[in-house]
Amino acid sequence: VTTSNILYKFNSQGQEQWTKSIDVSGAKGAETNGTPVVDANAVYLCSGTASGAGKFVAYNTTDGSVKWDFNNFWAEDGKTPKPTMYAIMPALGEGDNVYIGYAGDNGTLMSIKKSDGSLVGRFERDGKGIPGGARSGVVLSKAQTIHYYGGKWGLGGGSATALDNANGGSADYIWHIWSNAPYLAETAIPYSSLAVLDINNIPCVAGIVTDSNGTKVYAVNCETGAVVCEHRISDTAAQDQGGVVVTAEGYIVAALNYTFGQDNGGIVIVNPNSASGTQVARFRTQEKVSGTPAIDKAGN
């Protein structure tokens, strides 16, 4: 996907199979800033910007035609839905459902049928969505909990099973943390991805964020929201993009921002098997690593 709003498909030899124009009509700035996910039948993509004119579209993998177009977004108390779908990555369930989040005044996280694009369920509590909405990093754990980072407004978790059984209505999310000072993200819209892993046989969700106490690589219990590990990085710039990935050993690999003129950007590797974690390695650069690191088959 590019700023010209074109979705491309290539085969394994790098030959272009098809291109598809992405509809961003009504979106201020008219750019697609999302990560597609793919299964055997479709490509799922959130399009639109921070303007509140988001869309969620499934494209057939065979020819790029639109399989369905979802815009059944929710708003509390009769308000007009204003879905902000910026830097969103959907999560694929093992069954017929795909999960997406959106931010904005009435942001929440939803379960949608892969087959026809109908709404299965959404998170809601006391007539309101998730604090700050579900901005980025939607991931699904083996414990069937689903997780999101809500922009500036913290980290959350809920039951994917509860969403899938909501019959088009709502379910309550389980926990939400870091929605108050001093744990609020320093940058208003951190676009950092999340990852899931086991720490001492506890299913956890991991990420990186900068709050008023500095930058931390963290891991949180998927089912309770209890912090399992919090490793502080003292000499790096405020996190705004990037994210984390997990190695075969269970180490968290995190992207780092940089301060102009300093080599405090790059990548850090953290072993999360203690409350404060242990730094395994750090690779420094005078650049911001604004994407999520990737690990190849050889473990590099």
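What you see is a predicted model, and the numbers here were worked out from it, not measured in a lab. For reference, positions follow the sequence shown, starting with 1.
Around CG of Asn11, the count of heavy atoms belonging to other residues, nucleotides or ligands within 6.0 Å exceeds 12. More than 12 heavy atoms of other residues, nucleotides or ligands sit less than 6.0 Å from atom OH of Tyr258. Counting heavy-atom neighbours within 6.0 Å of Glu16 CD, excluding the residue itself, gives a total above 12.
Thr292 and Ser193 form a side-chain donor-acceptor contact under 3.5 Å, judged by distance and modelled atom types alone. A donor-acceptor contact closer than 3.5 angstrom links the side chains of Asp164 and Ser111. Side-chain contact check for Thr62 and Asn60: no donor-acceptor pair (N or O, by modelled atom type) lies under 3.5 Å.
No side-chain donor-acceptor contact under 3.5 Å links His147 to the backbone of Val205. Checking side-chain atoms of Ser212 against main-chain N and O of Pro182 turns up a donor-acceptor pair under 3.5 Å. Here the side chain of Asp296 pairs a donor or acceptor atom with the backbone of Gly299 at under 3.5 angstrom. A donor-acceptor contact shorter than 3.5 Å links the side chain of Gln239 to the backbone of Gln241. The closest donor-acceptor contact from the side chain of Gln279 to the backbone of Asn271 lies at 3.5 Å or more, if one exists at all. A donor-acceptor pair is defined here as one N or O able to donate and one able to accept, closer than 3.5 Å; such a pair exists between the side chain of Ser141 and the backbone of Thr145. In this structure, Trp175 contributes its side chain and Cys222 its backbone to a donor-acceptor pair below 3.5 Å. In this structure a side-chain-to-backbone donor-acceptor pair under 3.5 Å is missing from Thr108 to Arg122. Under a 3.5 Å cut-off, the side chain of Lys142 and the backbone N or O of Pro203 do not form any donor-acceptor pair. Checking side-chain atoms of Asn97 against main-chain N and O of Gly93 turns up no donor-acceptor pair under 3.5 Å.
Counting only heavy atoms from C-beta outward, the side chains of Asp96 and Val120 never approach each other to under 4.5 Å. Side-chain contact check for Lys288 versus Asp240: some heavy-atom pair is nearer than 4.5 Å. By the 4.5 Å heavy-atom criterion applied to side chains, Thr247 and Val253 are counted as neighbours. Put simply, the side chain of Asn300 does not reach to within 4.5 Å of the side chain of Ile295, judged on heavy atoms.
Residues forming a side chain to side chain donor-acceptor pair (under 3.5 Å) with Asp263 (at least two apart in sequence, or on another chain): none. Asp39 pairs by the side chain to side chain contact (heavy atoms under 4.5 Å, CB included) definition with Asn41, Ala42, Tyr44, Leu92, Lys114, not counting sequence neighbours.
Atoms OG1 and CD, on Thr285 and Gln262 in that order, are 12.5 Å from each other to the nearest 0.5 Å. Of the inter-residue distances, the one linking Ile199 atom CD1 with Ser274 atom OG reads 9.5 Å to the nearest 0.5 angstrom. Between Tyr99 atom OH and Leu140 atom CG the span is 6.0 Å, to the nearest 0.5 Å. Within the model, atoms OG1 of Thr61 and NZ of Lys9 stand 5.0 Å from one another, a figure rounded to the nearest 0.5 Å. From Cys229, atom SG reaches atom CD1 of Ile202 across 11.5 Å, with rounding to the nearest 0.5 Å. Taking CZ of Arg125 as the start and NE2 of His176 as the end, the distance is 9.5 Å to the nearest 0.5 Å.
Checked for salt-bridge contact, Asp116 and Lys67 miss the test: no charged N lies under 4.0 Å from a carboxylate O. Salt bridge Asp63/Lys20: absent, no basic N to carboxylate O contact under 4.0 Å.
Across all their heavy atoms, Ile6 and Ile22 have their closest contact at C-CD1, 3.9 Å. Annotation for Pro131 and Tyr173: closest pair CD-OH, 3.5 Å, computed over non-hydrogen atoms. Closest heavy-atom contact between Pro272 and Gly250: CD-O, 3.3 Å. Minimum interatomic distance between Tyr148 and Ala134 (heavy atoms only, all atoms of both residues): CB-CB, 3.7 Å. Nearest approach of Leu197 to Ala206, heavy atoms of both residues: CD2-CB, 3.7 Å. In plain terms, the two heavy atoms of Val209 and Ala185 that are nearest each other are CG2-CB, 3.8 Å.
Note on ring orientation: taking the six-membered ring where Trp is involved, the planes of Phe73 and Tyr102 are perpendicular (angle over 60°, cut-offs 30° and 60°).
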Working for side chain to side chain contact (heavy atoms under 4.5 Å, CB included), residues Ser159 and Ile174: CA-CA 7 Å; Ser159 167; Ile174 302 172; 4.2 Å; yes
Tyr59 and Val66: CA distance, side-chain angles, deciding distance, side chain to side chain contact (heavy atoms under 4.5 Å, CB included) verdict: CA-CA 4 Å; Tyr59 301 89; Val66 173; 3.9 Å; yes
Assess whether side chain to side chain contact (heavy atoms under 4.5 Å, CB included) is satisfied between Val139 and Ile146, documenting all intermediate values. CA-CA 6 Å; Val139 293; Ile146 192 160; over 6 Å; no
Is there a side chain to side chain contact (heavy atoms under 4.5 Å, CB included) between Gln15 and Phe10 once you walk through the steps? CA-CA 5 Å; Gln15 299 167 320; Phe10 300 89; over 6 Å; no
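Residue pairs meeting the salt bridge (charged side-chain N to carboxylate O under 4.0 Å, His left out) criterion with at least one partner in residues 223-238, sequence neighbours excluded, are Asp211-Arg232, Lys216-Glu230, Glu230-Arg232, Asp235-Arg282, Asp235-Arg284.
Criterion: ILVMFWY side-chain heavy atoms under 4.5 Å apart, direct or through other members. Under it, Val246 and Val244 are part of a common hydrophobic cluster. Follow the hydrophobic side-chain contacts under 4.5 Å out from Val280 and you never reach Val217; the two are in separate clusters. Linking Ile, Leu, Val, Met, Phe, Trp and Tyr whenever their side-chain heavy atoms come within less than 4.5 Å leaves Val289 and Ile252 in two separate clusters. If you chain together hydrophobic residues whose side chains sit under 4.5 Å apart, Ile269 and Ile233 never meet in one group. When the side chains of ILVMFWY residues are joined at heavy-atom separations under 4.5 Å, either directly or via intervening members, Tyr183 and Leu155 end up in a single hydrophobic cluster.
You'll find the ring centres of Trp68 and Phe56 inside the 6.0 Å limit. In this structure, Tyr218 has its ring center closer than 6.0 angstrom to the ring center of Trp178.
Of the candidates Thr236, Asn257, Thr259, Thr215, Thr259 is the only one forming a side-chain hydrogen bond (donor to acceptor under 3.5 Å, both in side chains) with Asn264.
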